[in-house]
Amino acid sequence: MLTSKPSRRVRRGLTQRAIAIVIGALAVVLALPIAASAAPTTISPVPGLPPLTIPDIPGAPQIPGAPSTPKSTPKPKPTPTTPEKPKGPAIPGVKTSTGWVALADDASHQITWWHNGTQVKTMPISMGTNDHPTPNGVYHTKEKYRDMYMDSSTYGVPVDSAEGYRTYVEYATRMSWDGIFIHAAPWSVSQQGRSNASHGCINISTENGKWVFNTIPRNTPIVVRGTVGPKYTGD
């Protein structure tokens with residue numbers, strides 16, 4: 001087998017080229033300050049000769065035969081997002097000494113609670129029927145009863161009459177002195193959020209009744225809006 005070897009003149013030319021590249025690289029290194037964080041680059045200027053390691057200097061010209069360093073693309077800054085506002089009605093413009101405000105809206109059959117201007121909770125309700133509508137206006141919470149009996153005789157309707165009743169309730173918070181409460185009414189859960197079924201009180205579930213009983217302080221305003229009832233004037 002015949003093996004071809006480069007001539008002495010070719011080898012001499014390759015050696016001179018390698019020396020020229022090394023001298024050029026050293027000149028660049030000496031002419032520019034070497035950054036402490038510069039990463040070295042290894043090149044092989046001539047086949048058959050040892051590789052040459054050259055520090056990577058920011059701003060230095062490209063060395064012949066050295067691989068090009070890709071430029072990093074700056075990451076785009078994240079676009080600030082605006083917090084989504086809670087869905088629901090606007091807070092009523094009434095004064096409150098407790099920081100709490102509530103709105104019972106007959107159109108949606110929901111009561112919404114705010115604390116210090118922030119919406120906290122919304123719950124389904126059932127208010128008074130057209131025959132016994134809940135009056136519209138601003139009520140204020142008063143005394144609370146863990147459990148009690150409500151009967152129609154307190155406002156002049158005999159218990160044994162067609163419109164009379166005597167019902168055991170839990171977590172009752174008085175809204176008016178004439179007998180309107182917001183209280184737990186598990187028997188009307190299917191109407192809560194859909195229609196009116198009470199004799200004037202605001203019916204809520206047992207869980208929500210307990211929350212109101214334990215959370216809402218005395219003298220908190222509750223605004224009733226949108227019923228077919230008259231205007232509430234007492235307090």
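Linking ILVMFWY side-chain heavy atoms closer than 4.5 Å, directly or via other members, places V120 and I111 in a single hydrophobic cluster. If you chain together hydrophobic residues whose side chains sit under 4.5 Å apart, V223 and I180 never meet in one group. Residues I91 and W113 fall into different hydrophobic clusters, defined by Ile, Leu, Val, Met, Phe, Trp and Tyr side chains chained together at heavy-atom separations under 4.5 Å.
Side chains of R225 and L103 form a contact here, defined as non-hydrogen atoms less than 4.5 Å apart. Two residues are said to be in side-chain contact when any heavy atoms from C-beta on lie closer than 4.5 Å; D131 and T129 meet this criterion. Contact annotation: the side chain of N136 never approaches that of K231 to less than 4.5 Å [non-hydrogen atoms, C-beta and beyond]. In this structure, the side chains of Q110 and D105 stay at 4.5 Å or more apart for every pair of heavy atoms. For the pair W114 and P92, the minimum side-chain heavy-atom distance is below 4.5 Å. The shortest side-chain heavy-atom distance between W211 and M123 falls under the 4.5 Å cut-off. No side-chain heavy atom of Y232 sits less than 4.5 Å from a side-chain heavy atom of T134. Residues Q119 and T112 are in side-chain contact: their nearest non-hydrogen atoms beyond the backbone lie under 4.5 Å apart.
Of the possible polar contacts, none joining the K144 side chain to the T173 backbone as a donor-acceptor pair under 3.5 Å is found. At distances below 3.5 Å, not a single donor-acceptor pair connects side-chain atoms of T227 with backbone N or O atoms of D106. No donor-acceptor pair closer than 3.5 Å links the side chain of T96 to the backbone N or O of T220. No donor-acceptor distance shorter than 3.5 angstrom exists from the side chain of S126 to the backbone of Q192, with no hydrogens or angles considered. Between the side chain of S161 and the backbone N or O of G164 there is at least one donor-acceptor pair closer than 3.5 Å. Of the possible donor and acceptor atoms, none in the side chain of S198 sits under 3.5 Å from a partner among the backbone N and O of I202. Using modelled atom types, one side-chain atom of T141 and one backbone atom of N219 make a donor-acceptor pair closer than 3.5 Å. Of the possible donor and acceptor atoms, one in the side chain of N214 sits under 3.5 Å from a partner among the backbone N and O of K210. Between the N196 side chain and the M127 main chain, a donor and an acceptor come within less than 3.5 Å of each other.
Not counting sequence neighbours, the partners of Y165 by the ring pair (Phe, Tyr, Trp, His ring centres under 6.0 Å) test are H199. In this structure, the salt bridge (Lys or Arg N to Asp or Glu O under 4.0 Å) partners of K142, at least two apart in sequence or on a different chain, are D235. Residues passing the side-chain hydrogen bond (donor to acceptor under 3.5 Å, both in side chains) test with E170 are R146, sequence neighbours excluded.
The only member of V212, I216, I125 that meets side chain to side chain contact (heavy atoms under 4.5 Å, CB included) when paired with I182 is V212. Of the residues F181, F213, Y145, the one that meets the ring pair (Phe, Tyr, Trp, His ring centres under 6.0 Å) test with Y171 is F213.
No hydrogens or angles considered: nothing links the side chains of N116 and T118 as a donor-acceptor pair under 3.5 Å.
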message = Is there a side-chain contact (heavy atoms from CB on, under 4.5 Å) between Y149 and T167? Walk through the geometry before answering.
response = CA-CA 5 Å; Y149 279 93; T167 306; over 6 Å; no

message = Assess the residue pair T215 and K121 against the criterion (side-chain contact (heavy atoms from CB on, under 4.5 Å)); give the C-alpha distance rounded to whole Å, side-chain angles, the decisive distance to 0.1 Å, and a yes or no.
response = CA-CA 11 Å; T215 307; K121 196 174 184 66; over 6 Å; no

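Taking both residues in full, the closest heavy atoms of M150 and H183 are given as CE-CD2, 3.5 Å, listed atom of the first, atom of the second, then distance. Counting all heavy atoms, side chain and backbone alike, I204 lies closest to P124 at CG2-O, 3.7 Å. Closest non-hydrogen pair, S152 versus P158, comes out as OG-O, 3.5 Å.
Atom CZ of R174 and atom OH of Y139 lie 13.0 Å apart (nearest 0.5 Å).
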